[in-house]
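Scroll down for the structure; my scribbles are underneath it.
Naming convention: chains lettered A, B, ... in sequence-line order (proteins, then strands); numbering from 1 in each chain. These numbers come from a predicted model, not from an experiment.
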There are 2 protein chains.
Amino acid sequence: MEESREELREKFHRRLAAHDCKLTRQRKDILEVIISEPHSHFNAEELYEKVQQMNPEVGLATIYRTLDLFCDLEIIHRLDFDTSYKSYELNVEDQHHHHLICLQCGTITEFKDSVLEKFEQDLEKTHNFDIVDHHIKFYGYCEECSSNKGESKNGK
Amino acid sequence: MEESREELREKFHRRLAAHDCKLTRQRKDILEVIISEPHSHFNAEELYEKVQQMNPEVGLATIYRTLDLFCDLEIIHRLDFDTSYKSYELNVEDQHHHHLICLQCGTITEFKDSVLEKFEQDLEKTHNFDIVDHHIKFYGYCEECSSNKGESKNGK
DNA sequence: GTGAGTGCAAAGCCTTTGCAACCAC
DNA sequence: GTGGTTGCAAAGGCTTTGCACTCAC
């Protein structure tokens, strides 16, 4: 069961307060934009543009500072799809998922899996490693691109 | 069975030739440094410093250009541990592995696993996704750091 | 000999920072 | 009222690029 937008908003407003962070207009607006698309991935520039539509007064530096803050408070997660810029996603409870990244069209599909959870537990034992997080990404070709690619499959 | 340094060198020299790339002094030296530590992870700056010891004439721009070239030729792989700079590792045959990253001491441990190979195959079927590569990283605390951390475990 | 490859320095991109003004508490 | 936040612009890292020179083929 996923949390509603209202629940998320309140939860994160409380979290900010709990850490003595002021609930400024800018932080509210930025959070609102992030919550409005709970499953999207975004970078600073993309977020900046969306926030601008809501409140053109917000500066890019504030976006960066807020992203850092939200990461610290675990309101969002930093991803690492691309090394040229940093990207982020909202930290939705129980949304722990993995990514399928299409090398052709760039589409990123999310999936969850219990096999991996089990695997992780085994791994902790074999390597005496206390796992707290994981980043699991599979690269390849999505259904659509696979079939297009199939036309020249004899190539390789 | 892992390839010897000589085998790797020859293989990659041939690969450069096959792509009409000149075998310059700089490329040879850079390749030699990379092969000399086949399991290390490095960024441009680190590679630059090591190459400098061998040949102080090499410029940093050449390092960057060569890293791009070697990635295209699949002589090395680009990693994505950190988003502030790009890191790389030698592409050793059958070395497909995953990473355990310690959040405290930063140590990166490699491991291989057949469960994941199987999992990948299942995944391809359920999602109609043609997987060609994966990046799998687990974050947590290594054995040593876990025990140190244990002292303040009640803290949370 | 000739064009790919190089070194240098300048430019580029994304991100961070210094500082005065501002506003949430 | 006051210190945390902000916007702006300047500075900061890392990486790429323009250009004349060089060297592998």
task = Starting at atom CG of A/L23, determine the distance to atom C1' of C/dC23, rounded to an integer number of angstrom.
result = 13 Å

inquiry  = Applying a 4.0 Å non-hydrogen cut-off, can you work out what A/E45 is touching in the nucleic acid: base, sugar-phosphate, or nothing?
reply    = nothing

query = Can you check side-chain contact (heavy atoms from CB on, under 4.5 Å) on A/T126 and B/F111, steps first, answer last?
reply = CA-CA 10 Å; A/T126 32; B/F111 72 94; over 6 Å; no

ask   = Rounded to the nearest Å, what distance is computed from the CD1 atom of residue B/I63 to the C1' atom of nucleotide D/dT16?
value = 15 Å

inquiry  = Rounded to whole Å, please give me the gap between NE2 in B/H13 and P in D/dC25.
reply    = 10 Å

request  = Identify the two heavy atoms, one from A/I34 and one from A/F70, that lie closest to each other, and give their separation to 0.1 Å.
outcome  = CD1-CD2, 4.0 Å

ask   = Mind checking whether A/L90 and A/H77 have side chains closer than 4.5 Å, heavy atoms only?
value = no

key: side-chain N/O A/Y64 vs C/dT15 OP1/OP2, d < 4.0 Å   = yes

query = Going through the checks in order, is the ring-ring contact (aromatic ring centres under 6.0 Å, His included) test met by A/H99 and A/H135?
reply = CA-CA 9 Å; A/H99 295 106; A/H135 286 178; 8.6 Å; no

request  = State whether B/T24 places a side-chain N or O below 4.0 Å from either non-bridging phosphate oxygen (OP1 or OP2) of C/dT6.
outcome  = yes

Options C/dT6, C/dT15, D/dT5, nucleotide nearest the side-chain atoms of A/C21 = D/dT5

Nearest-nucleotide pick for B/R65, side chain only, options being D/dC25, C/dC8, D/dT15 = C/dC8

message = Using a 4.0 Å heavy-atom cut-off, does B/R27 contact any base of the nucleic acid, only the sugar-phosphate backbone, or nothing at all?
response = sugar-phosphate

key: Spacing between A/L47 atom CG and C/dC14 atom P, to the nearest angstrom   = 15 Å

request  = Using a cut-off of strictly less than 4.0 Å, decide whether B/K86 has a side-chain nitrogen or oxygen near OP1 or OP2 of D/dT16.
outcome  = yes

key: Atom pair distance, as rounded to whole Å: CZ in A/F70 and P in D/dT5   = 11 Å

request  = Find which nucleotide of DNA chain C each of A/D68 and B/G59 is nearest to by heavy atoms, and output the residue with the more 5' nucleotide.
outcome  = B/G59

note = Here the distance between atom C1' of D/dC21 and atom CD of B/E57, to the nearest Å, is 14 Å

task = Among the candidates C/dT6, D/dT6, D/dA9, find the nucleotide nearest to the side-chain atoms of B/Q26.
result = C/dT6

message = Rounded to whole Å, please give me the gap between OH in B/Y48 and C1' in D/dT16.
response = 16 Å

task = State which of D/dC8, C/dA4, D/dG4 makes the closest approach to the side chain of A/K22.
result = D/dG4

task = To the nearest Å, give me how far apart CG (B/L67) and C1' (D/dC14) are.
result = 13 Å

inquiry  = Under a 3.5 Å cutoff, is there a donor and acceptor pairing between the side chains of B/H134 and B/E120?
reply    = yes

